[in-house]
There are 2 protein chains.
Amino acid sequence: MSNSKLYKGSLNTIILKLLNEHDKMYGYEITQKVKALTKGELKITEGALYPALHKLEAEGLLDVEVAKVDNRLRKYYKLTETGTKETVNKLEELAEYIKTMQALVNPKLV
Amino acid sequence: MSNSKLYKGSLNTIILKLLNEHDKMYGYEITQKVKALTKGELKITEGALYPALHKLEAEGLLDVEVAKVDNRLRKYYKLTETGTKETVNKLEELAEYIKTMQALVNPKLV
DNA sequence: AATATATACATAATTTTCTTATGTATAAGA
DNA sequence: TCTTATACATAAGAAAATTATGTATATATT
């Protein structure tokens, strides 16, 4: 994912937020979108992404729809209602995380 | 550590930064300091903290000094020179992480 | 005096999340 | 023809945490 270990635990937040923005996306598209948005800083590996998508689907946060484009398989994922609610939670947690870490590394400013 | 998984991977950064601020600290003191600075948001568990301290020491980032206070053992940790350099790296990584995540969750602002 | 809580360390089993490696298959470009 | 891009998947292993224990002393409460 990156040389930094801080991204551990962030993958679900990233997936959910992207699906919240783009309605429906397929796995490979997510990897490319993340690469583009972060200017190459962050690369989502397939070994991390696909199991994560399967798990989110199993938990009922994502719905999947299979399509065939140019004779190739695509699995489009979209948020369920529960998934949309969970996205809000994840984003709140991210904001809280950033606030907390800033309190720790920059105690004078907080 | 917290209900949020985002803290996974942040523990070393937190330890190094606190030691950078406070010169020398012992394990239990670190747990209390984190609790206080984050107003209870973040609780470092012993099962995470002590192995992390041992590893940082084994990697040469921390020096340890044992003391007896009130007939109880304390292990004071302090940054080595390498540890101080690594603290700078970790803080840069944290800043980069926050920047990257903001690009992902708030693409319009970036 | 007895009991609970706080201080202070430690580790072992398990879980979660990721990396690395590998596999299949089609399309497009050099 | 061969490499790169597209598109999925999983398995083995590593890393970092959780949860559960364990030891021991000091202090506060009942």
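A note on names: the letters A, B, ... follow the listed sequences, proteins ahead of strands, and every chain is numbered from 1.
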Hey, what do you get for [atom1] ([X]) to [atom2] ([Y]), rounding to the nearest 0.5 Å?
| X | Y | atom1 | atom2 | value |
| --- | --- | --- | --- | --- |
| A/Leu42 | B/Met101 | CG | CE | 8.0 Å |
| A/Leu56 | A/Asp63 | CG | CG | 12.0 Å |
| A/Asn89 | A/Thr87 | CG | OG1 | 8.5 Å |

Looking at [options], which one has an atom nearest to any side-chain atom of [X]?
| X | options | result |
| --- | --- | --- |
| B/Tyr50 | D/dA17, D/dT10, C/dC9 | C/dC9 |
| B/Ala48 | C/dT11, D/dA17, D/dT10 | D/dA17 |
| A/Lys75 | D/dC8, C/dT11, D/dT18 | D/dC8 |
| B/Thr45 | C/dC9, C/dT11, D/dT19 | D/dT19 |

Touch class at under 4.0 angstrom, heavy-atom based, for A/Arg72 against every strand present: base

Any residue meeting side chain to side chain contact (heavy atoms under 4.5 Å, CB included) with A/Thr45, in chain and number order, not counting sequence neighbours: A/Ala48

Test item: A/Thr38 side-chain N/O and B/Thr100 main-chain N/O as donor-acceptor pair under 3.5 Å: no

Rounding to a whole Å, what distance do you find between [X]:[atom1] and [N]:[atom2]?
| X | N | atom1 | atom2 | result |
| --- | --- | --- | --- | --- |
| A/Lys68 | C/dT26 | NZ | C1' | 10 Å |
| B/Leu53 | C/dC9 | CG | C1' | 11 Å |
| A/Leu73 | C/dA27 | CG | C1' | 15 Å |

Along DNA chain D (nearest heavy atom to each residue), the more 5'-positioned of B/Leu49 and A/Tyr76: A/Tyr76

Phosphate contact (D/dT10 OP1 or OP2) by A/His54 side-chain N/O below 4.0 Å: yes

Phosphate-side-chain proximity, A/Asn71 and C/dA27, N/O vs OP1/OP2 below 4.0 Å: yes

Mind listing the N/O atom pairs, protein and nucleotides 12-16 of chain D, below 3.5 Å?
{"from": "D/dA16", "atom 1": "OP1", "to": "A/Lys5", "atom 2": "NZ", "distance (Å)": "2.7"}
{"from": "D/dA16", "atom 1": "OP2", "to": "B/Lys55", "atom 2": "NZ", "distance (Å)": "2.7"}

Pair A/Glu59 + A/Lys55: basic N to acidic O under 4.0 Å: yes

Ionic contact status for B/Lys17 with B/Glu21, cut-off 4.0 Å: yes

Contact summary for A/Tyr77 and A/Leu19, nearest pair of heavy atoms: O-CD2, 3.2 Å

Considering all heavy atoms, the nearest A/Glu93-B/Asn3 contact: OE2-ND2, 3.8 Å

DNA chain C-proximal residues of residues 21-35 of chain A, any heavy atom under 4.0 Å: none

